[in-house]
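Working notes for the structure below.
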Amino acid sequence: MENGNKAYQKNDFENARKYYYEIIKIDSTNKDAIFNLAITELNLGNKNKSCELLQKSYKLQDSEAAKFIKEYCGEIEYNENMFYQDVDEMPKFKIDDNLYDLITEKGINPILFDKLKVRAKKSKILRKIKNQKIFVLFKIDKDGNFNSRTTGENTSKEIDNELKIIFREIAEYVPCQYQKKDVGMWNGFSLPIILK
């Protein structure tokens, strides 16, 4: 990789390509080598090959590839999971047959957050962490399942499970949309919570 990068920096794109291909022969999932090769191919005027490699790099969760795909190749190919910055519609949630955006300009939708606070106050498990800040890192998968992980000072598996149950009980979740298809999220959202 180092030799490829040095060659690239000297505008020696032929040698850079050779080194990056050597890496990919050994590890076909090395997203850094694939991305670097894609940009090298672009510099060599091989736009079609570059676009093919950029799409592969994106599928391997290289967020930087999205910018180049949009600029040189058109649109990102549909993937079952994508970065939320690249989808057509962000996830939503449904409460009492009303559909809402899950994320607003200010963060998580206050309607969902208020439901969470009301339900959390009734939980014996969550009362144990009163006045402590915890974080819920969450994603919505392509089937609309709410997946999360809780972090913070005094979190435990019990607290994590309780929050998962509450989130699943208070709303129904609708996944992101891309090209009119459901898509899951590679990157998620972080929700800070202080229970009082």
Side-chain angles (χ1 to χ4, degrees), residues 29-32 35 55-67 69 75-130 132-196:
T29 61
N30 185 317
K31 67 182 177 184
D32 294 329
F35 177 81
Q55 296 285 1
K56 184 175 182 180
S57 181
Y58 186 87
K59 286 179 182 171
L60 293 170
Q61 299 184 36
D62 186 341
S63 61
E64 195 174 357
K67 179 180 99 176
I69 292 170
E75 61 184 17
I76 299 167
E77 293 173 356
Y78 171 82
N79 293 284
E80 287 191 358
N81 291 294
M82 298 180 75
F83 294 102
Y84 68 78
Q85 299 92 322
D86 303 321
V87 299
D88 298 327
E89 289 185 41
M90 294 290 282
K92 300 183 183 315
F93 67 96
K94 189 186 287 188
I95 294 177
D96 301 326
D97 292 325
N98 294 313
L99 194 62
Y100 305 94
D101 290 332
L102 181 59
I103 305 300
T104 67
E105 290 177 5
K106 295 180 181 179
I108 191 166
N109 192 310
I111 295 169
L112 184 68
F113 193 66
D114 290 345
K115 287 270 188 190
L116 171 68
K117 287 192 295 189
V118 168
R119 177 65 176 74
K121 285 180 182 178
K122 297 176 184 176
S123 167
K124 291 178 184 176
I125 294 168
L126 296 181
R127 279 189 241 144
K128 295 176 187 176
I129 57 169
K130 192 175 180 179
Q132 295 178 36
K133 192 175 202 175
I134 60 171
F135 294 88
V136 179
L137 310 170
F138 68 92
K139 303 176 185 182
I140 309 298
D141 72 16
K142 78 179 208 77
D143 297 318
N145 297 311
F146 181 92
N147 298 304
S148 66
R149 180 171 51 92
T150 307
T151 62
E153 264 185 44
N154 294 312
T155 58
S156 64
K157 191 169 186 145
E158 182 182 46
I159 290 166
D160 187 53
N161 287 335
E162 181 74 358
L163 280 165
K164 284 178 185 175
I165 290 167
I166 291 171
F167 269 103
R168 291 173 183 155
E169 287 177 351
I170 61 175
E172 180 183 330
Y173 301 92
V174 178
C176 298
Q177 294 283 303
Y178 185 70
Q179 298 176 344
K180 299 184 180 179
K181 297 178 196 168
D182 294 343
V183 63
M185 301 161 59
W186 278 321
N187 53 342
F189 303 99
S190 177
L191 173 64
I193 300 174
I194 299 175
L195 300 169
K196 297 180 179 183

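When reading the values below, keep in mind they use all heavy atoms of this one structure, side chains included, and skip hydrogens, waters and symmetry mates. This structure is a prediction, so every number in the text was calculated from the model and none was measured.
By the 30° and 60° cut-offs, the orientation of the rings of Phe146 relative to Phe138 is parallel.
With hydrogens and angles ignored, the 3.5 Å screen pairs no side-chain donor or acceptor of Lys139 with any backbone N or O of Gly184. Between the side chain of Glu172 and the backbone N or O of Ile95, no donor-acceptor pair lies under 3.5 Å. At distances below 3.5 Å, not a single donor-acceptor pair connects side-chain atoms of Tyr84 with backbone N or O atoms of Cys176. Of the possible donor and acceptor atoms, one in the side chain of Asp141 sits under 3.5 Å from a partner among the backbone N and O of Gly144. Side-chain atoms of Asp143 never come within 3.5 Å of backbone atoms of Asn145 as a donor-acceptor pair (strictly under, hydrogens ignored). Between the side chain of Asp101 and the backbone N or O of Ile103, no donor-acceptor pair lies under 3.5 Å. Counting only distance, with no hydrogens or angles, the side chain of Asn161 and the backbone of Lys157 share a donor-acceptor pair below 3.5 Å.
Between Glu75 and Gln55, the shortest heavy-atom contact is O-NE2, 3.1 Å. The minimum heavy-atom distance linking Leu112 with Ala171 is given by the pair CD1-CB, 3.8 Å. Taking both residues in full, the closest heavy atoms of Ser57 and Phe35 are given as OG-CB, 3.6 Å, listed atom of the first, atom of the second, then distance. Of all non-hydrogen atoms in Phe135 and Ser190, the two that sit nearest each other are CD2-OG, 3.6 Å. Minimum heavy-atom separation, Ser148 to Lys164: O-CE, 2.8 Å. Minimum heavy-atom separation, Asp96 to Lys115: OD2-NZ, 4.3 Å.
No side-chain heavy atom of Val118 sits under 4.5 Å from any side-chain heavy atom of Ile170. The closest side-chain heavy-atom distance from Tyr178 to Asn79 is not below 4.5 Å. A 4.5 Å side-chain heavy-atom check between Ile125 and Ile159 finds at least one atom pair inside the cut-off. Looking at heavy atoms from C-beta onward, Leu99 lies in side-chain contact with Lys94 at the 4.5 angstrom threshold. Considering only heavy atoms from C-beta on, Lys142 stays 4.5 Å or farther from Asn81 through its side chain. Asn109 has its side chain out of reach of Leu102: every pair of non-hydrogen atoms, C-beta onward, lies at least 4.5 Å apart. In this structure the side chain of Met185 never reaches within 4.5 angstrom of the side chain of Met82, judged on heavy atoms. Residues Leu116 and Leu191 have side chains in contact (heavy-atom distance under 4.5 Å, counting atoms from C-beta outward).
Remark: the Gln61 side chain and the Asn187 side chain contain no N/O donor-acceptor pair separated by less than 3.5 Å. Gln177 and Asp182 form a side-chain donor-acceptor contact under 3.5 Å, judged by distance and modelled atom types alone. Side-chain polar atoms of Tyr58 and Asp86 form a donor-acceptor pair below 3.5 angstrom.
Distance NZ/Lys180 to CG/Asp88: 9.5 Å, rounded to 0.5 Å. Atom CD1 of Ile166 is separated from atom NZ of Lys122 by 10.5 Å, given to the nearest 0.5 angstrom. The distance from atom NZ of Lys56 to atom CD of Glu77, rounded to the nearest 0.5 Å, is 12.5 Å.
Under the side-chain contact (heavy atoms from CB on, under 4.5 Å) rule, Phe93 has a single partner from Ile111, Ile140, Asn98, Ile108, which is Ile111.
The environment of Arg149 atom CZ is sparse: at most 12 non-hydrogen atoms of other residues, nucleotides or ligands sit within 6.0 angstrom.
Checked against the 6.0 Å centroid criterion, the rings of Tyr173 and Phe167 do not qualify as a close aromatic pair.
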Using the side chain to side chain contact (heavy atoms under 4.5 Å, CB included) rule, take Leu137 and Thr150 through it: C-alpha gap first, then chi angles, then the decisive distance, then the call.
-> CA-CA 6 Å; Leu137 310 170; Thr150 307; over 6 Å; no
What do the steps show when you test Lys181 against Glu80 for salt bridge (Lys or Arg N to Asp or Glu O under 4.0 Å), and what is the final call?
-> CA-CA 9 Å; Lys181 297 178 196 168; Glu80 287 191 358; over 6 Å; no
Side chain to side chain contact (heavy atoms under 4.5 Å, CB included) between Leu163 and Leu126, intermediate numbers included = CA-CA 8 Å; Leu163 280 165; Leu126 296 181; 3.9 Å; yes
